[in-house]
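Order of appearance sets the numbers: ligands from 1, and atoms from 1 within every ligand. Being a predicted model, the structure only gives us computed values, none of them experimental.
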Amino acid sequence: MFAKVIVDIASSLVDKVFDYHFDDADNYQKGMRVLVPFANRVMEGYIIDITDAPMYDPSKIKDIIRPLENFACILPDQLKIADFMKEKYNIGMCDALRLFLPAEMRSGKVKELEEIELYLEDKDKAINYMASLRKNSHAQENAILFMLENGSYLQAELNKKFGASAINKLKENDILKSRVKVKRRKPYATDNLVAANKVTLVDAQQKAKEQILSKSYTYLLHGVTGSGKTEVYMSTIEDVIAKGKTAIMLVPEISLTPQVLGNFRSRFGDNVALLHSGLSAGERFDEWKRILMGDAKIVVGARSAIFAPLKNIGLIVIDEEHDGSYISESNPRYNTIEVAIMRSKLADCSLVLGSATPDIESYHKAMIGTYELIEMKHRINKRDLPPIQIIDMCKEIKDGNPGIFSRALIDALDKTIKEGNQAMLFINRRGFSSFLMCKECGWVAKCESCDVSLVYHKFDNALKCHYCDKRYRVFDVCPECGSDNIKQGSVGTEKVVQELNELFPDVKVLRMDNDTTKTKGAHAKLLAEFREKKAQILVGTQMIAKGHDFPSVTLVGIVDADVSLHQSSFKAPERTFNLITQVAGRAGRADKAGEIYLQSYASRNYIYRLASKYDYTSFYRKEINLREVTSYPPFSKIIRLLFTSFNEDLAKEHTKVYYDRMKELASEFMGEFIYLGVMKSPVGRIQDKFRYQILMRLKPQNADQIISKIYEQVNTVKNRDVSVFVEIDPASLS
Ligand code: ADP
Ligand code: ZN
Ligand code: ZN
């Protein structure tokens, strides 16, 4: 027999299928990993097919060396998904296949953890042996008595209890036998699981569940925050499991809080496998294996969990479907929702996309019937959504308050703390201030390697580049003109904390952002401290916007709502709207009422007006009209060809050559191109690499055909000193 093998080297030159021969048909199957001879080396590879008719002269085909595992790592459906991704995202088959297994499995960096267990094979023999022991052999005697009671025990533990020499004697005399036991590394404590009290679904939830189970389809579950979407997911998953099927539930990495994980674990116990970035290689491997072997039937995880080796899938859920983290923007690039749609079709199961603020394009799909819309318009406890007050920060300045907090917010903070409640302050910028600038000559501190300004971090007393992480010394006088009149830009998390400390010296404030959560467990620790009310105020970025349920939080302040409004992306309005809704949803979740203060220097903006009324539908209508008029997605597809190189001339030359080819393509597909332009990227250099781009907008109808032509062109770039990326509807154009 012959196997078609993808050799595990990520290089476009080797992205081909190779034939190998094998005799022992019982030992090989599709999806298995194998060792093969390749160009005078021994390489790992994946069997993607088995055939008795090879493509080449059979006498020249080499033999497989051996299988790497005695099971298939990649399921038949997963092979199909890899094929789909290869075409859709122009990636190598090898890159696609790698997504389906724990990275450390390749080249054998992670294995099952094995332990030696000892057991008594023959009790009578042990008792006779004990009788024959000399008087002073207490250790052996005690060990036998212990084993008569316990049957089997870990060798390491027995050595500790009775001494290694006694245990070894018992082994030598065949009283204790040994066997290998696989030890499972658990990414969570198994003990102290509080059984979740099961709730009775309210009407809207029951209806949603019935609709999802009625037929295999893609559903958009649009439910306001606190409408009980999570309960719908869990209850539907319960039904699916009862029918003998399995389920995947994806949440954004950032909202994979201990609380969310705990909820699932207490409801479904060991049936749940968790996959997230906080796992060690060993934990991830063990969870993966449990899924593959059918020991875990529910997978909860971040976007990569869509690749879990789950068989017989009955439901896929993507919570917070609008979240940007579902789009992988680095190698390999893919859109998790597109992959999930493919996976649900292969499994013939439903896919549920849930959100309080669906992506504009998703909602549009629900409007035109590509998805089916399910709406949950009310909160569970019938409590109103907390009122959002928009505060005009320009007026504050006019009234003589130039600070970062409005008077209203300060009063509200004061009141909240006095009443024994808690507050969350949201600012989507870490560090102390967004830039340092000389007031005399206008000089701004910039990164040497990237064309961006540096962010001042007071805590580390350093300037940092948020693109490449380089650090610089802070300067007191302008290096250009020597003036000491240095101005700080817009505020970040650190500055907010400092101002709070000055305003409320007795109040404990916590800060949560990328800087304070770098170490393992820091994230969970901060949240636990806040939950236990060891602090009254939590200041944070994006990280605090999602998934948290703190019963005592009654006040939420959005310190500078305009941050996301000014991003250079056609998605800036919807991101702003989503963020406000998410953040506001953190207040008044339990039986206490909540309130939100939104501070802005552009307080009349329609986005704030609609967000403050939680009026998603009106916002959607406005936004979709705008997109239609301006030909932005879903009324077009945006394609960016990004060329990067350490050598600016090379990047420029390539961009020029391919721009000409795109012009040819545009004249071939007359009328399909809405826009075609070429330019230096807005951030012209990152980590010393120069960036040039060709931007295109295509009519959506024939876009796929043109995109594959673009891929064909791009695949002809052979210069190793230039990288080229094709991005479809990129989230950011920096
Ligand atoms: P969402 O995910 O839509 O924001 P959640 O699922 O977090 O909403 O639900 C909000 C709160 O309501 C949670 O505390 C949850 O435990 C509770 N809840 C959900 N469904 C019910 C129900 N049927 N009966 C009582 N409480 C519920
Ligand atoms: Zn200066
Ligand atoms: Zn930099």
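- Using a 4.0 Å cut-off between charged nitrogen and carboxylate oxygen, R265 and D270 count as a salt-bridge pair.
- At the Zn ion (ligand 3), the angle from SG in C447 to SG in C468 is 110° when rounded to 10°.
- A salt bridge does not link E253 with R303: every distance from a Lys NZ or Arg NE/NH1/NH2 to an Asp or Glu carboxylate oxygen is 4.0 Å or more.
- If you number the atoms of ligand 1 from 1 as listed, the ones under 4.0 Å from a heavy atom of V224 come out as 3 (O).
- Residues H322 and H222 place their aromatic rings such that the two centres sit no closer than 6.0 Å.
- Close approach to V202 involves these atoms of ligand 1, each under 4.0 Å from a residue heavy atom: 23 (N).
- In summary, D239 and K209 engage in a salt bridge, as defined by a charged side-chain N under 4.0 Å from a carboxylate O.
- Not a single heavy atom of G223 sits closer than 4.0 Å to an atom of ligand 1.
- Within a 6.0 Å radius of NZ in K525, no more than 12 heavy atoms belonging to other residues, nucleotides or ligands are found.
- Heavy-atom contacts of E231 reach the following atoms of ligand 1: 6 (O), 19 (C), 20 (N) (cutoff under 4.0 Å).
- Taking CG from D721 and CG from L650, the interatomic distance works out to 6.0 Å, rounded to the nearest 0.5 Å.
- A salt bridge between R429 and D513 is absent, with no side-chain N of the basic residue lying under 4.0 Å from a carboxylate O of the acidic one.
- Only the side chain of I380 comes within 4.0 Å of ligand 1, judged by heavy-atom distances.
- Considering both main-chain and side-chain atoms, G228 comes within under 3.5 Å of ligand 1 through a nitrogen or oxygen pair.
- At a threshold of 4.0 Å, the pair R685-E648 does not count as salt-bridged, since none of the basic side-chain nitrogens sits closer than that to a carboxylate oxygen.
- Shown in contact with T225 at under 4.0 Å from a heavy atom are these atoms of ligand 1, numbered in order with element: 4 (O).
- Of the N or O atoms in K229, one or more lie within a sub-3.5 Å distance of an N or O in ligand 1.
- Under 4.0 angstrom from ligand 1, the non-hydrogen atoms of Q205 all belong to its side chain.
- Within the 2.8 Å limit, H466 places no N, O or S atom next to the Zn ion (ligand 3).
- K534 has no carboxylate O lying under 4.0 Å from a charged side-chain N of E529, or vice versa, which leaves the two without a salt bridge.
- Counting heavy atoms under 4.0 Å from ligand 1, residue D319 does not touch it at all.
- Proximity to T230 (heavy-atom distance under 4.0 Å) selects the following atoms of ligand 1: 2 (O), 5 (P), 6 (O), 7 (O).
- For ligand 1, the atoms closer than 4.0 angstrom to any heavy atom of T200 are 22 (C), 23 (N), 24 (N).
- The angle that C481 SG and C438 SG make at the Zn ion (ligand 2), rounded to 10°, works out to 100°.
- Looking at ligand 1, you'll find an N or O of G226 within less than 3.5 Å of one of its N or O atoms.
- By the 6.0 Å and 45° rule, K622 does not stack over the aromatic ring of F619.
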